[in-house]
Amino acid sequence: MSESVEQRLKRVQTALRAADPLGKVALLAVSKTFGPEAVLSAARLGQTAFGENYAQEGCAKVDWFREHHPEVTLQWHFIGPLQANKTRMVAERFDWVQSIDRVRIAQRLSDQRPSDLLPLNVLVEVNVDGQETKSGVHPDEVRALCEAVAAMPGLKLRGLMAIPAPVETSEGRKAPLRAMRALFDELKDEFGLDTLSMGMSADMIEAVECGTTMVRVGSAIFGTRPYPRRG
Ligand SMILES: *Cc1c(COP(=O)(O)O)cnc(C)c1O
């Protein structure tokens, strides 16, 4: 590997601070496909929030930290598609689920959240640019899903999340990011939302310019993934 996680993370932190001098935007380090040692390297530089896409892999990492580094307190965000048979393991271990796009999955997470833990923080995932194969609800259906989720005792609705399709130009990337910010502003007072999760390695700066509150950055921190993104 040419560069270390430390070097890359510092570069991302510097770029983010330049775009967001007041430090309002949270950085989620997306560690999917990378081992717990890579997470530990980032944690030693003060990174505390990590994102995982695959239930089994993510839960194994959470368990590894509990066993080997109970002194390190991390915040774990589940950001991938979630099948019904994997909701329990996620509800028992994660702090956030950002990929809520169905009442049924939300209901299972709420029912399965252990009562000795705080409610699971959740974001409704929006298919903002109408991608056919993508997860996420249509913008017109966001309010109804927010209403359903807000009523679930095991969940705390915190906001919205989106994964716009990659686009060549900076201006092209901004259109869905702006649409997400408008949708967020429409709903935030009604539902008490404080989190808009958008912006990845390729569009982090544009997302900050368009009003994100949390960027999810993987490859710019951990390097090229050993296997491709599956969702
Ligand atoms: C993989 C992934 C990311 C990070 O993507 P990079 O391009 O590596 O920064 C962010 N969000 C979601 C939902 C992902 O699946």
Side-chain angles (χ1 to χ4, degrees), residues 1-5 7-16 19-20 25-35 38-39 41-42 47-59 61 74-83 86 90 94-102 105 109 121-129 131 133-137 142 158-168 170 172-174 176-177 180 184 195-210 212-231:
M1 259 196 247
S2 47
E3 247 187 329
S4 66
V5 168
Q7 286 169 311
R8 286 200 209 86
L9 176 58
K10 278 187 185 153
R11 192 144 31 77
V12 169
Q13 286 170 334
T14 304
L16 185 56
D20 167 46
V25 176
L27 174 60
L28 181 71
V30 178
S31 46
K32 64 183 179 206
T33 80
F34 292 95
V39 174
S41 301
Q47 178 64 35
T48 54
F50 292 88
E52 290 288 332
N53 277 59
Y54 314 111
Q56 253 136 357
E57 177 194 332
C59 289
K61 258 173 251 182
L74 301 179
Q75 194 185 76
W76 292 97
H77 294 235
F78 191 81
I79 62 174
L82 187 53
Q83 293 164 346
K86 308 270 171 62
V90 169
F94 278 74
D95 304 293
W96 290 65
V97 172
Q98 298 201 2
S99 45
I100 298 292
D101 64 359
R102 276 171 293 165
I105 296 294
L109 288 168
N121 297 291
V122 296
L123 304 180
V124 165
E125 182 177 347
V126 184
N127 185 353
V128 65
D129 48 6
Q131 296 172 71
T133 58
K134 267 287 150 78
S135 39
V137 291
V142 172
R158 300 289 297 269
L160 307 179
M161 180 271 239
I163 317 171
V167 173
E168 290 277 317
S170 184
R173 289 197 283 267
K174 284 185 182 173
L177 299 170
M180 279 301 298
F184 178 72
T195 304
L196 174 59
S197 172
M198 60 182 192
M200 320 204 313
S201 295
D203 62 352
M204 177 178 92
I205 301 301
E206 285 96 342
V208 173
E209 288 168 3
C210 294
T212 188
T213 75
M214 182 184 291
V215 291
R216 310 178 308 267
V217 179
S219 48
I221 293 173
F222 293 105
T224 309
R225 281 184 284 277
Y227 56 89
R229 189 175 116 195
R230 281 181 287 168

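One-based numbering, in listed order, for ligands and for the atoms of each. All figures in this text were calculated on a predicted structure; none of them were measured in a lab.
Of all the heavy atoms of R225, the ones lying under 4.0 Å from any atom of ligand 1 belong exclusively to the side chain. In I79, the parts holding a heavy atom less than 4.0 Å from any atom of ligand 1 are both the side chain and the backbone.
Heavy-atom proximity to V217, at under 4.0 Å, picks out these atoms of ligand 1: 9 (O). Short contacts between ligand 1 and N53, defined as distances under 4.0 Å to a heavy atom of the residue, involve ligand atoms 14 (C), 15 (O).
F94 and W76 have perpendicular rings, their planes meeting at more than 60° on a 0 to 90° scale where under 30° would count as parallel.
Looking at ligand 1, you'll find an N or O of G218 within less than 3.5 Å of one of its N or O atoms.
Checked by atom type and distance alone, the side chain of T213 pairs as donor or acceptor with a backbone atom of L196 at under 3.5 Å. Counting only distance, with no hydrogens or angles, the side chain of K86 and the backbone of Y54 share no donor-acceptor pair below 3.5 Å. Checked by atom type and distance alone, the side chain of N127 pairs as donor or acceptor with a backbone atom of Q131 at under 3.5 Å.
With salt bridges taken as basic N to acidic carboxylate O contacts below 4.0 Å, none links E57 and K32.
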